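In what follows, a structure is listed as structure tokens, so that the remarks can point back to it.
Sequence lines set the chain letters: A, B, ... in the order given, protein chains first and strands last, and positions in each chain run from 1. These numbers were taken from a predicted model, which means no experiment stands behind them.
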2 protein chains.
Amino acid sequence: MTVVTGGVAGGVGDGVGGASAARPQLIREINERVLLDHIRRSGPISRTELAGLTGLSKPTVSAALSSLERSGLVHVTGQRTGVPGPAASLYEVRPEAGYVLGLDVGREFLRGAISDLSGSVRARLSVRTKAGDAMARIQELADLAVTLATEAGIQLTQLTQTVLGSPGVYDPRLDALTLTGRLSGWDSPATLAALRDRFGSSLMIENDIDAAAIAERVHGHGRNVDSFAFVSVGTGIGMGLVLDGKLRHGSHGVAGEIGYLPFTEGSGSDPRDARKRGGFDASASAAAVVRAARRAGVRGTSTAEKVFAAAARGDVVAAAVVAEEALLVAKAVCTVITVVDPDLIVLGGGIGQAPGFLEAVVKQLRQMAPVLPDVKASVLGTETVVAGCLAAGLDRSWQSLVGRTANSV
Amino acid sequence: MTVVTGGVAGGVGDGVGGASAARPQLIREINERVLLDHIRRSGPISRTELAGLTGLSKPTVSAALSSLERSGLVHVTGQRTGVPGPAASLYEVRPEAGYVLGLDVGREFLRGAISDLSGSVRARLSVRTKAGDAMARIQELADLAVTLATEAGIQLTQLTQTVLGSPGVYDPRLDALTLTGRLSGWDSPATLAALRDRFGSSLMIENDIDAAAIAERVHGHGRNVDSFAFVSVGTGIGMGLVLDGKLRHGSHGVAGEIGYLPFTEGSGSDPRDARKRGGFDASASAAAVVRAARRAGVRGTSTAEKVFAAAARGDVVAAAVVAEEALLVAKAVCTVITVVDPDLIVLGGGIGQAPGFLEAVVKQLRQMAPVLPDVKASVLGTETVVAGCLAAGLDRSWQSLVGRTANSV
DNA sequence: AATCGATTGGAAACTAACTTAACAATCACC
DNA sequence: GGTGATTGTTAAGTTAGTTTCCAATCGATT
């Protein structure tokens, strides 16, 4: 009944670390994993094709597939005909071998989806939350889970993995949620206990922006690089860092909490926010933009979106506020470059994805960063966090299912 | 004839990446590696002990050791007697199986050492450089290598790996040295070509502070953690980042170049430095401390060391300068925490290791960082960079030697 | 319509590597 | 000098994977 977070371990301790000795069975384990990966990626596929892709011999592929079929992870889905010779059996992942529930808890909305092991979404739903406190919010999440399961036509017990994208981070050393910011009461031990109680042992809690970064890796610009930073600027500020294809949480779970960058020179900073969500968040989040615009005398500045719209219309004062915001974000991106130097920076969030903002940030970056990596704006939308949770849950499900197979064979 | 940098690849692409299929031979390869690791760590050791440590059976251990012995990587070094039963043969790494040359090129000193495969240093030397340009400097390095080889009693051709710790970074995309800062002419293509010409195909170029971080990982505080940041503050400012036990260079080699952090509020900044070595370097390096002290009116401020000494003696103005420096360094450390959240921060360099500085930085950190990791001052000295180069070269030598064995068997 | 040729899937024989079990040889200690 | 622990090897058996060969199948060609 432990909450596990993030990037599936899976690392083969490198060299000095402490790799352990290998038995012949390991070969089988590796090869089944490899085959499974190919089947996942290349849809229905024949034994011969798999043999070609992996370099394994036909008898070996056959034996391994039998084993995978016995354990229920793959099945024959049809025959390929139309070519000379006998019809080839086509294998694919058995979608019913597992189901993943992804949830996104925000201040205003709860979103969720259920996907099967093949990755297709069986049910999806967003609701506006009415909850006043943490416990009510958890109840709403549980209700959402039930609704989704019903719609997907499965039992809750069939879920192999549940992933909750949430503000705040899970600190494995303290076994607690911390830095939950705007979500009141969410960082209490009771919240964590209640979540575990409702969602069981397979619950995995992922920072919402980290989840979005995973989605970006699977569906967005992160597909073709193996290290990138997803920088989200909107209601709050945060980052998800993917290095060597793996999301990094850091040793206290705070990797990417760039709201706490020690930049305090912003014009719109609110000291109350600075304590709770970090100095940089207070200086550069949407609320700070609104404050700065109001102070500068821009009219009709109820939301950051309106400030950006005014700037786009040619309001020079609003444009100055936007430029200042771009400078702040560029500084944050510059720190990320100097510290980890990723292949790519993806800007996300309401402000990060605003038209023209990317260019403004890049312009500033050019003058301050030691190198200029690719910088792109995210093209994903409101379902990003849920998609990331599903992807993370799928990954983890695969790991555990394959592991289980290997042991039981 | 390529310059390779840093952390040996060796990663088994995780999951989706592209792991390839396994043959039975892989088992042997893994097991030989594991045995070798144990022999390296646990000195002369018997077959039976190895069987116990690895969990492999005695016959398997015997067979693998024979193979390793045939390829010249290990040899029997003696017999253990004194216990009942036949004398056990003790195996150890054959030191002569390879030699590593580590070099540290600085503005004032060149340092170097040669170690054998077992890690013991066979020769060590530091010389003051008289070189006026890059080519002369390379000649001095080559001379140093010859002297060291003579002293160690080996031929230069016996070197399996040469590692040069140098200011600046190697950018694999441009195949060039960049950001070489104070070392004039060091970033020209001709320098790189000349280095390759002199030191051959096994040359590996490592940023000097990254090399120090490797030393810290092998000999210093980094031994018992698997992610830490070595932050060096002295003549220049830089960082070496070790995550999951592996040094990270980033995709342009600039990971850790925190001299380029966009902090410009320091009082001692010099605009010429800012362009060349980064805004933060210009604000917080030793020269900046001297400038700040001079401006504040501290007397006898020819070096940063004297400013720190004055502060320690009770000079309140000097103390204020030191406190300001601590604040700047704390901000840099805070950015590292918010971006990657390592287990540990190690402070190094003349300023970083100054008495009392650690405490001053921690005091500031407490008020700004979202979490406070372990922070320690390095206890390593002037030979750190060379030690790191040797460690990196040993690692790489092991990788290639073991790889070669596996193929040739 | 019959044959040809490509292709599939599996069976047999062989290789690589590990394990367990048994055994002969050795050495300290009583 | 006998006893018991320990070492290192040999033999037999298991898990995996490879190569080679073959029967069965199905579209295409004659």
- When rounded to the nearest 0.5 angstrom, what is the spacing between CZ in B:Arg23 and CD1 in A:Ile30? 11.0 Å
- Message: Nearest to the A:Pro86 side chain among C:dG5, D:dA24, D:dT9, which nucleotide is it?
- Response: D:dA24
- Message: Could you tell me how far apart B:Lys58 (NZ) and D:dA11 (C1') are, to the nearest whole angstrom?
- Response: 14 Å
- Task: May I ask you to say what B:Thr60 touches in the nucleic acid, namely base, sugar-phosphate or nothing, with a heavy-atom cut-off under 4.0 Å?
- Result: base
- Task: Give the rounded distance in Å between these two atoms: CG of A:Leu26 and P of D:dG17.
- Result: 10 Å
- Heavy atoms under 4.0 Å, any strand shown: does A:Ser57 hit a base, just sugar-phosphate, or nothing? base
- Presence of B:Thr48 side-chain N/O under 4.0 Å of D:dT6 phosphate oxygens OP1/OP2: no
- Note on the structure: Separation of C:dG10 atom P from A:Leu65 atom CG, nearest Å, is 10 Å
- Can you tell me if the side-chain N/O atoms of B:Arg23 get under 4.0 Å from OP1 or OP2 in D:dG17? no
- Query: Have B:Ser66 and B:Glu69 got a donor and an acceptor in their side chains that come within less than 3.5 Å?
  - Reply: no
- Task: For the pair B:Ser120 (side chain) and B:Asp116 (backbone), establish whether a donor and an acceptor sit closer than 3.5 Å, ignoring hydrogens and angles.
- Result: no
- Message: Please check: side-chain N/O of B:Gln161 versus main-chain N/O of B:Val100, any donor-acceptor pairing under 3.5 Å?
- Response: no
- Taking only the side-chain heavy atoms of B:Ala88 (C-beta and beyond), determine which of D:dG17, C:dA11, D:dT7 contains the nearest atom. D:dT7
- Rounded off to whole Å, could you give me the CZ-to-P distance for the B:Arg80 and D:dA5 pair? 19 Å
- Query: A:Ser89 near the nucleic acid: base, sugar-phosphate alone, or nothing, with a heavy-atom cut-off under 4.0 Å?
  - Reply: sugar-phosphate
- Query: Starting at CG of B:Asn31 and ending at P of C:dC18, how long is that distance when rounded to a whole Å?
  - Reply: 5 Å
- Message: Distance check needed: C:dT15 P versus B:Arg28 CZ, whole Å only.
- Response: 17 Å
- Query: To the nearest 0.5 Å, how far apart are CG in B:Asp244 and CG in A:Leu243?
  - Reply: 9.0 Å
- Query: Start at the 5' end of DNA chain D and walk down; is the nucleotide closest to A:Val83 or to B:Arg47 reached first?
  - Reply: B:Arg47
- Message: Can you measure B:Leu56 atom CG to C:dT19 atom P for me and round it to whole angstrom units?
- Response: 5 Å
- Note on the structure: Separation of C:dT8 atom C1' from A:Leu50 atom CG, nearest Å, is 14 Å
